[in-house]
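This report refers to the structure that appears directly beneath it.
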Amino acid sequence: MSEFPHRMAQTSPQHARLAQLRNVEHHLRQQIAALPHASAAYIQLTQCLVAQSRLKDALATLDAAPETVIRQTEVASLRAAVLFSLGEWQRAASAAREILILRPGDLRTSLLLASCHLELRQPREAVRAVRQVVEAGVNSKEALTILGISLAAAGDQEEALLVLHQAIERFDSAEAKLEAAKLFRLKGDGEAAIALLTPLAKESPSAQVEHELGMSWHAVGDIDRALHHVSRAHVLSPPNAALENDLGQLQFRAGNREAALAHYQRALELRPDMAVASANMGLLLAHAGDVADARVMLSRSHELDPLAGTRVTRDLLLPPVVESRAHITALRANYAGAIDQLEKDGVRLADPAREVFLSNFYLAYHGLDNKDLQQRLARYFLSACPSLTGIPGAEERARRRHQRDGKLRIGFFSLNIHHHSVALCFAEVVNVLSGREGFDVVLISTKDALAPHLRPLYAGFRGSALQVRDDLSAARNAIAEQALDILVFLDIGMDTLSYFLAFARLAPVQLVLGGHPDTTGVANLDYFISTSLAEPDDGDTHYSETLVRLPTATMQLRPEPLPTGFSANRAELGFADASHLYVCPMKLQKIHPDFDTALAEIVHRDPLAEVLLFEDDSSPVRTRALQARLDRTVPRALRSRIRFLPWQFDQIAFAKILGVSDVVLDPFHFGIGSTAMTVFSLHTPLVTWPGQFLRSRTGLYFSRVLDIAEMVAPTQADYVERAIQLASDRSANEAMRARLRERAHALFEETDSVRQFGDWLEQVARH
């Protein structure tokens, strides 16, 4: 909004050649020397210097003028405008107030004063300054627009929209349309913003309009269109830190992290004091696994702008790849201490889903009981933001439920309904239950579940879909309006929206499936759905939710759809025929330090062993961290036989590697999940060592469903022994492959689990 006074200051022709301006400047200085009280010459010289972008020289010229010149209103107004353009907002405001004493109600000066107050973050003062002239009947386009901007900054969004609407109706103000669109977007109504801006972008294209149109598309979840428009703004605009920061956010959301980092760096080059760009760079580094540098950037942001969310994010960061058991112990002690300190300091949050980047996801990979930490974290968030549990209209929703046709209305929520491990495990569960008599199923996500690219996953879906915005309040209200009987979270802990939605009572019964197999600590989640085939005897003590042990796991895996004639050979992939290939096809956070010992023992005892790991799919930082750890924990003579392959985005290429491998190593403490589809479709032998918690016992579960007990090692030493035997003994290897070919149907054609889950849902709804 600082454009208004800045435009007033630039009254000389914008495209005059520099030489001509210098000649004009020389002539005017001569005139002033001859006639030192000629106010017109001072005004023209100041305008000439502004046209050359020499604002400091312009101010020095006016400050050197005689008192009789400075007191003239036109000169004083020009000086105030120059001060504003220099960022001297306090001095500009003082100058404007002096002018208004002499000329009360002067429009240009009132607008300048309002602009100063806005820059000084004094929106109420800005409203007061401009409302006086508007109420006096001076309803100019600029006055109404700045009044709307000031009201919005003061938090009076509804009145701001009314005022901006007046500017649009009376003057067809492009500036008012732009500001109204910003307000619509910030209120969560991206569609209204797009409707205002789309014709404006065609009629009056500008960097500002393209930028705001892009961010409005971002608000409705269309990252491709958002990038298109903000990139156009980038071309049209001079170097602009805010634009660079927003482009960084969009590139990050699109998965282009190197591009995002470059934009954040440019934003900080242009404005080293830009707190939001420092915070965004910190979040990017945290996602990449560079926790130390992330903390530096978040601390810098917090120093510049001490936002609560920045501090919470910084204090609760956890690295994806840990160095040792001692490192895990220290991390968890620091984590608990940080929670306590945040609570002690009374750090409050308004919208934690927007303000905080959560890393409690990584607690699950430590191999320890997380119930206490998760409950402490949830209690802190509830104390920091008590409104997390508040949803109005519960009585009305209950009345609507009772008036229905008797069907059980069940919502399934996840952000991961695309080709993701969560959807691969649970899409078919949702599909089958949507066709069950007496069930009315709603699939809820920030993505459109009925989009063409998702149809293969939901080909049998017979329910309805609800697409919610990636906004806690809007999503919460939209889900509450569904008047659900039961809300099922397919996963909790992978994203902030799902986690914080679970704090509210959005349905009489709320439960979580094992998309992220760890307790949540959230009090309003009633049940955790698991299976007696995987849970240990003391499993109930691991959950803040009530543990439900169904006979089989509530998931529905399907065979990997391999092309006709699929085959793979080692020569094609660059592996020696004589090698014994042990593959661990997991994300790197699953590779616990305890597993290093087993890998070292395998390559020590089997001279033909090659262990295959996969680089991280999103960040080389994580790969380097694990490589460095293995350099420390595995003897140098053996380390070269633990290799990192590029992450395989192509599923067929991935299947070929698994197909030529001798044995799949299920890692300790957090084991195999949806990758089992590919492993067992190819009949590749697997060895697993069940741990203490569900997340380490999925291999045990699959062995029990397949009735192949030989997969399961009772001890870590036996795990190594079985892996070496499967890789070295051809007859043992072929025997397990034959068993897998014979028994795979028990996993892929299993249907009892969904029926059992449906029966349980009906039972719990009746109580």
Side-chain angles (χ1 to χ4, degrees), residues 424 533 553 555 557-586 598-599 602-603 605-614 641 643 645 648 651-667 671-690 697-714 718-750:
L424 293 175
L533 291 181
M555 69 170 73
L557 297 180
R558 290 291 176 254
E560 183 66 40
L562 300 171
T564 303
F566 170 84
S567 65
N569 65 77
R570 292 191 171 190
E572 172 193 351
L573 300 175
F575 300 121
D577 283 339
S579 295
H580 298 159
L581 297 182
Y582 302 76
V583 62
C584 184
M586 306 296 170
L599 297 182
I602 286 170
V603 291
R605 291 182 51 192
D606 181 357
L608 297 178
E610 281 194 62
V611 173
L612 306 178
L613 303 173
F614 289 89
R641 288 192 283 128
R643 297 173 52 188
L645 303 180
Q648 301 298 308
Q651 193 63 20
I652 302 304
F654 178 62
K656 287 184 175 182
I657 294 171
L658 293 189
V660 301
S661 295
D662 294 296
V663 60
V664 172
L665 300 176
D666 194 24
I672 192 168
S674 63
T675 306
M677 289 194 334
T678 308
V679 172
F680 297 133
S681 293
L682 294 164
H683 314 123
T684 306
L686 177 139
V687 61
T688 186
W689 175 42
R697 299 170 68 87
T698 49
L700 171 66
Y701 170 77
F702 290 130
S703 78
R704 287 174 169 173
V705 171
L706 295 166
D707 192 21
I708 305 178
E710 308 93 280
M711 286 185 186
V712 183
D718 190 64
Y719 177 95
V720 172
E721 188 68 42
R722 289 180 188 231
I724 293 173
Q725 182 187 24
L726 283 169
S728 307
D729 185 335
R730 290 295 96 188
S731 61
N733 192 284
E734 285 301 325
M736 185 175 286
R737 288 179 188 270
R739 292 290 305 280
L740 286 168
R741 278 192 292 270
E742 175 190 332
R743 298 291 302 154
H745 70 90
L747 178 64
F748 296 134
E749 298 172 15
E750 185 275 324

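All values below were derived from every heavy atom in this structure, side-chain atoms included, with hydrogens, water molecules and symmetry-related copies excluded. No experiment lies behind these values; they were computed from the predicted model shown.
Proximity of Leu686 to Thr688: side-chain heavy atoms (C-beta onward) are separated by under 4.5 Å at one or more points. The closest side-chain heavy-atom distance from Trp689 to Asp718 is not below 4.5 Å. Side-chain atoms of Ser681 and Phe748, non-hydrogen and from C-beta on, do get closer than 4.5 Å to each other. In this structure, Ile602 and Leu665 have side chains that are in contact, with non-hydrogen atoms separated by less than 4.5 Å.
One N or O on the side chain of Arg739 and one on the backbone of Asp707 form a donor-acceptor pair closer than 3.5 Å. For Arg570 (side chain) and Ser579 (main-chain N/O), a donor-acceptor pair under 3.5 Å exists by modelled atom type. Between the side chain of Thr698 and the main chain of Ile672, a donor-acceptor pair closer than 3.5 Å is present. In this structure, the side chain of Arg643 does not engage the main chain of Leu612 through any donor-acceptor pair within 3.5 Å.
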**Study point:** Stepwise salt bridge (charged side-chain N to carboxylate O under 4.0 Å, His left out) check, Asp666 with Arg722
**Key:** CA-CA 12 Å; Asp666 194 24; Arg722 289 180 188 231; over 6 Å; no
Review point. Passes side chain to side chain contact (heavy atoms under 4.5 Å, CB included), Ile657 versus Leu581? Steps please.
Key: CA-CA 10 Å; Ile657 294 171; Leu581 297 182; over 6 Å; no
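The distance from the CZ atom of Phe702 to the CE atom of Met711 is 9.5 Å, given to the nearest 0.5 Å. Atom OG1 of Thr678 is separated from atom CD of Gln651 by 4.5 Å, given to the nearest 0.5 angstrom. Distance check, rounded to the nearest 0.5 Å: NZ of Lys656 to CG of Leu573 gives 7.0 Å. Of the inter-residue distances, the one linking Arg737 atom CZ with Thr684 atom OG1 reads 5.0 Å to the nearest 0.5 angstrom. How far CG of Asp662 is from CG of Asp729: 11.0 Å, rounded to the nearest 0.5 Å. Once rounded to the nearest 0.5 Å, the distance linking OH of Tyr582 with CG of Leu726 reads 8.5 Å.
Closest approach of Pro667 and Tyr719 over heavy atoms only: N-OH, 4.5 Å. Heavy-atom minimum distance, Arg641 versus Val603: NH2-O, 2.5 Å. The heavy-atom pair separating Arg605 from Pro607 by the smallest distance is O-CD, 3.4 Å.
With Cys584 as reference, Leu613 is the one residue of Val664, Leu613, Val663 to meet the side-chain contact (heavy atoms from CB on, under 4.5 Å) rule. When each of Leu706, Val712, Val705 is checked for a side-chain contact (heavy atoms from CB on, under 4.5 Å) with Ile708, only Leu706 meets the rule. Of the residues Leu608, Asn733, Asp606, the one that meets the side-chain contact (heavy atoms from CB on, under 4.5 Å) test with Ser728 is Asp606.
With sequence neighbours left out, the side chain to side chain contact (heavy atoms under 4.5 Å, CB included) criterion links Ala738 to Arg741.
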